[in-house]
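What you are looking at is a predicted structure, and each value in this text was computed from that prediction instead of being measured.
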Amino acid sequence: GDSVTQMEGPVTLSEEAFLTINCTYTATGYPSLFWYVQYPGEGLQLLLKATKADDKGSNKGFEATYRKETTSFHLEKGSVQVSDSAVYFCALTLMYSSASKIIFGSGTRLSIRP
Amino acid sequence: GAVVSQHPSRVICKSGTSVKIECRSLDFQATTMFWYRQFPKQSLMLMATSNEGSKATYEQGVEKDKFLINHASLTLSTLTVTSAHPEDSSFYICSAPKDYEQYFGPGTRLTVT
């Protein structure tokens, strides 16, 4: 079935380090891909998205490119900050509409040391 | 943006009792809302789709008689865990769509003793 696999955490980095969180997916159709972020004590927020192959989503210095050939959507940031400490979820939906179900990865906890 | 709230944020109940969790879209209307369950260090698992004015749609393996969902208005959906048991202890999250984006509530931590 359709699924999302992302690297297990926790990931601990020093401030200004380069970040990569790997995400791969399995889908029967052509999914839209998302990264959500959950800051401590808050609900999930959409960080970025890509709706077709080769699209690059970006927001707040984070980027991810929809790679159909490798079925991947890795999250990257060139220089992380303490404020980026959160749990990051990779996700997909098969139909980009308001009523679409979202399939989530297991989440990766990121901690940034000052 | 859009805001979704959940109440309560935490609840502790005794085994055999029922607990109601509310999900509200504060500044927009939602004919559909989604309920998820999250176990520690695991992903969010979709439990059911709540539909205003009609019955909820449950995912495979979710007991509809145990997890009662009522979408009473365009801004409110409730999840009632009936006859709760310790294995129902979990983190429950709702979401509501607006303009093709999903907006998530902050979650409710349920502990059944």
Item to check | Main-chain N/O of A:A17 paired to A:S14 side chain as donor or acceptor, under 3.5 Å | outcome: no
Checklist outcome for this item: Shortest non-hydrogen pair, A:W35 vs A:F73, comes out as NE1-O, 2.8 Å
Checklist outcome for this item: Bottom line for B:L44: the part with an atom under 4.5 Å from chain A's heavy atoms is both
Checklist entry - Is B:S95 reaching over with its side chain to a backbone N or O of B:Y103, donor-acceptor style, under 3.5 angstrom? => result no
Next on the checklist: Parallel, tilted or perpendicular: which one describes the rings of A:F104 and B:Y36, with boundaries at 30° and 60°?
Outcome noted: perpendicular
Checklist entry - Looking at A:I102, A:L46, A:V4, which one has more heavy-atom pairs under 4.5 Å with chain B than the rest? => result A:I102
Item to check | Heavy-atom proximity to chain B below 4.5 Å, by part of A:Q38 | outcome: side chain
Checklist entry - Less than 4.0 Å between a side-chain N and a carboxylate O, is that true for A:E63 and A:K56? => result yes
Checklist entry - In terms of heavy-atom pairs under 4.5 Å with chain A, which of B:A30, B:A96, B:P106 leads? => result B:P106
Checklist entry - Is chain A contacted by the side chain of B:E59, its backbone, both, or neither, given a heavy-atom distance below 4.5 Å? => result side chain
